[in-house]
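Presented below is the structure to which this report refers.
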Amino acid sequence: DRAKLLFRLASVLESNIDKYATLITQEMGKPLEQARGEIRKCVWNCKHYASDGKNYLKPQEIKADEYMKSFVQYDPLGTVLLVMPWNFPFWQVLRMAIPVLLAGNTVLLKHASNVPQCALAIQEAITEAGFPDGVFQTLLISSSQVESIIRNDKVVGVSLTGSEGAGASVASIAGQEIKPAVLELGGSDPLVVLEDADIELSCSIAEKARLGNAGQVCIAAKRFIVHNSLIEEFLVKLTDIFASYKLGDPMQITTMMGPMSSSSAHEEILEQIRQSVDQGGKIITGGGEAIISKAKFIRPTLIRIENTENILWTDEVFGPVAAVIGFDTDEEALELANDTRFGLGASVMTKDRNKAQYFIDGIESGMVFVNDFVKTDPRMPTGGVKKSGIGRELAWEGARVFTNKKTVVVVK
Ligand code: NAP
């Protein structure tokens with residue numbers, strides 16, 4: 001029955017794609033076509049769990065000859081609070097909510113305060129799809145009200161996607177209440193370009209990995225680690241791509257990058273660029289702002305850094321700015337890739353399977369993509385290690401995360 005509702009939700013989203021995409025664009029500024037892509041991904045997500053989700057939740061038999069039956073079944077826990085960010089206002093919510101609902105839980109949503117219309121539209125879509133009243137409820141509340149909701153006895157767990165500070169606060173309250181918390185936090189993903197990599201492909205992946213959604217992506221590659229024999233060519237080719245980016249009205253189909261989501265986000269990125277330069281960073285392209293019709297943009301920026309004390313290396317940069325550093329040996333590249341408190345995703349560009357395996361094994365992150373940029377996918381678990389979070393979303397992990405994994409033994 002729940003799967004049928006998910007199919008209906010997919011069709012509500014599909015038939016209102018322009019309405020929902022427009023809301024996303026108006027509230028947080030991503031180009032309309034990228035917003036449409038976000039809704040299409042939500043449709044895929046609903047269809048995936050509607051058709052394959054029950055396999056994730058099937059009881060798992062355990063072989064034990066002395067018992068007539070022994071298995072683990074996945075029972076829903078109850079009401080789960082989701083605290084969500086604005087950067088993918090539909091996708092972030094639905095990628096967590098759909099598997100959680102499929103498992104039989106109910107959801108309370110506290111969305112970011114700058115996307116209230118998206119928050120209400122998601123609830124409206126879920127109601128239109130025919131979900132029973134109260135199964136999904138948007139709460140228009142401030143972050144200071146989150147604590148009392150986590151502490152409410154009817155709430156059994158919480159999932160937060162956002163900054164480290166918010167994650168630490170929510171998880172500590174959940175800890176006091178002995179309730180599970182899933183945290184999807186920041187990232188400073190490396191893109192490692194090895195000596196044998198295809199340079200054209202590497203530049204194209206670097207562009208997609210850093211400039212989509214104006215760089216406001218947790219799994220964006222933020223640190224480009226490039227073999228010294230390729231770095232000059234890499235910078236020249238990538239500069240051409242970055243400098244040709246068309247900034248402007250996100251409602252226009254030709255616009256490649258919209259404004260930053262807020263004035264404060266814009267200011268923060270400009271400050272990070274200033275500090276990086278003060279610390280010896282060399283601007284290769286971009287490096288400044290553009291104000292178009294009062295909207296505040298950051299130009300796609302490449303900054304070459306010589307050491308890992310630079311702010312672009314030590315901090316997460318939530319905008320279209322990449323740090324580039326060179327290396328000579330694979331060991332050095334791996335050390336650089338892991339030289340961060342984050343561990344969300346990582347990309348490695350190489351044609352050599354053995355080298356790829358060396359990085360797959362050595363990189364400390366929740367996801368590694370070889371010859372591609374890191375993406376979320378309803379079929380694959382997503383999440384991070386180190387300060388990037390606790391737990392996983394999506395696939396069987398997402399479906400089971402808020403369940404009671406009940407061990408059952410029947411003797412006869
Ligand atoms: P944020 O300030 O932490 O906000 C995220 C959500 O948490 C919002 O709903 C916010 O509400 C709420 N919130 C903030 N402080 C809180 C607190 N002390 N207690 C309870 N709730 C609180 O994050 P952001 O700056 O908007 O988003 C960017 C960050 O999210 C980046 O670090 C990015 O990497 C991370 N992110 C991670 C993932 C992932 O999957 N790992 C995905 C997307 C983004 P208000 O809006 O009302 O403050």
Side-chain angles (χ1 to χ4, degrees), residues 27-30 38 41 81-96 108-119 122 138-151 155 158-176 181-189 210 212-223 260-269 272 315-319 340-346 365-367 374-378 380-394 397-398 401:
E27 290 199 314
M28 56 67 67
K30 81 175 57 167
E38 182 175 335
K41 193 160 174 178
L81 172 66
L82 309 187
V83 184
M84 292 289 130
W86 46 266
N87 58 342
F88 292 87
F90 272 67
W91 170 241
Q92 296 288 2
V93 173
L94 292 180
R95 81 178 198 196
M96 192 69 213
L108 295 173
L109 168 66
K110 183 270 178 272
H111 215 327
S113 40
N114 55 336
V115 289
Q117 297 186 81
C118 289
I122 294 169
T138 288
L139 308 172
L140 294 178
I141 56 169
S142 70
S143 56
S144 62
Q145 290 168 286
V146 165
E147 174 168 358
S148 67
I149 295 177
I150 299 173
R151 293 199 191 278
V155 172
V158 58
S159 177
L160 178 136
T161 303
S163 57
E164 285 168 86
S169 161
V170 158
S172 62
I173 298 163
Q176 286 165 21
V182 174
L183 304 179
E184 298 285 347
L185 309 178
S188 186
D189 290 6
R210 183 67 286 215
N213 209 24
Q216 303 165 120
V217 183
C218 52
I219 47 174
K222 293 161 187 152
R223 299 174 299 131
M260 299 304 289
S261 63
S262 66
S263 288
S264 58
H266 174 87
E267 268 315 310
E268 194 179 326
I269 301 295
Q272 284 176 315
D315 289 16
E316 181 182 29
V317 185
F318 220 56
T340 168
R341 67 180 189 280
F342 297 110
L344 200 50
S365 67
M367 297 161 273
V374 179
K375 301 164 195 156
T376 51
D377 178 324
M380 296 180 201
T382 189
V385 295
K386 294 157 83 173
K387 300 287 185 201
S388 289
I390 302 173
R392 291 288 181 276
E393 291 181 52
L394 295 172
E397 292 274 355
V401 62

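In each ligand, atom 1 is the first atom listed, and ligand 1 is the first ligand listed. Side chains included, hydrogens not; waters and symmetry mates left out as well; all remaining heavy atoms used.
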For ligand 1, which part of [X] has a heavy atom less than 4.0 Å away: the side chain, the backbone, both, or neither?
X      : answer
Val170 : side chain
Gln92  : side chain
Leu344 : side chain
Asn87  : side chain
Glu393 : neither
Arg95  : side chain
Trp86  : side chain
Ser113 : both

With distance as the sole test, does [X] use its side chain to make a donor-acceptor pair with the main-chain N or O of [Y] at under 3.5 Å?
X      : Y      : answer
Glu38  : Trp91  : yes
Lys110 : Ile141 : yes
Arg392 : Gly384 : yes
Gln216 : Phe318 : no
Gln117 : Glu27  : no

With heavy-atom distances below 4.0 Å as the criterion, list the atoms of ligand 1 near [X].
X      : answer
Glu184 : 37 (C), 38 (C), 39 (C), 40 (O), 41 (N)
Val83  : 6 (C), 7 (O), 9 (O), 12 (C), 21 (N)
Ala166 : 3 (O), 13 (N), 14 (C), 15 (N), 16 (C), 22 (C)
His111 : 9 (O)

_Check ion pair Lys387-Glu164 (N to O, under 4.0 angstrom)_ =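 Answer for the salt bridge query: no.
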
*Knowing that exactly one of Leu344, Asp189, Val217 qualifies, which makes a side chain to side chain contact (heavy atoms under 4.5 Å, CB included) with Val374?*
Asp189

*side chain to side chain contact (heavy atoms under 4.5 Å, CB included) with Val158: which of Leu82, Val83, Val182?*
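That would be Val83.
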
Exercise: identify the closest heavy-atom pair between [X] and [Y]:
X      : Y      : value
Met28  : Asn87  : CE-O, 3.5 Å
Ser365 : Ala346 : OG-CB, 3.9 Å
Ser159 : Met96  : OG-SD, 3.4 Å
Thr161 : Met84  : OG1-CE, 3.6 Å
Met260 : Gly319 : CE-CA, 3.9 Å

*asked:* Check for me whether Lys41 meets the cation-pi criterion with Phe90, that is, NZ or CZ under 6.0 Å from the six-membered ring centre and within 45 degrees of the ring axis.
replied: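 Judged by the rule, Lys41 and Phe90 form no cation-pi pair.
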
Give me the nearest non-hydrogen protein atom to [atom] as residue plus atom name, then the distance to 0.1 Å.
atom                    : answer
atom 29 (C) of ligand 1 : Gly162 C, 3.6 Å
atom 28 (C) of ligand 1 : Phe318 CE2, 3.6 Å
atom 22 (C) of ligand 1 : Ser143 CB, 3.3 Å
atom 18 (N) of ligand 1 : Ser169 OG, 3.7 Å
atom 38 (C) of ligand 1 : Cys218 SG, 2.9 Å
atom 32 (O) of ligand 1 : Glu316 OE1, 2.7 Å
atom 2 (O) of ligand 1  : Ser163 OG, 3.9 Å
atom 9 (O) of ligand 1  : Met84 O, 2.8 Å

*Heteroatom proximity flag, Leu185 to ligand 1, N/O under 3.5 Å*: yes

*Do you see a protein non-hydrogen atom under 4.0 Å from atom 4 (O) of ligand 1?*
no

_Regarding atom 47 (O) of ligand 1: of the candidates Lys110, Gln145, Gln216, which has the closest heavy atom?_
Lys110

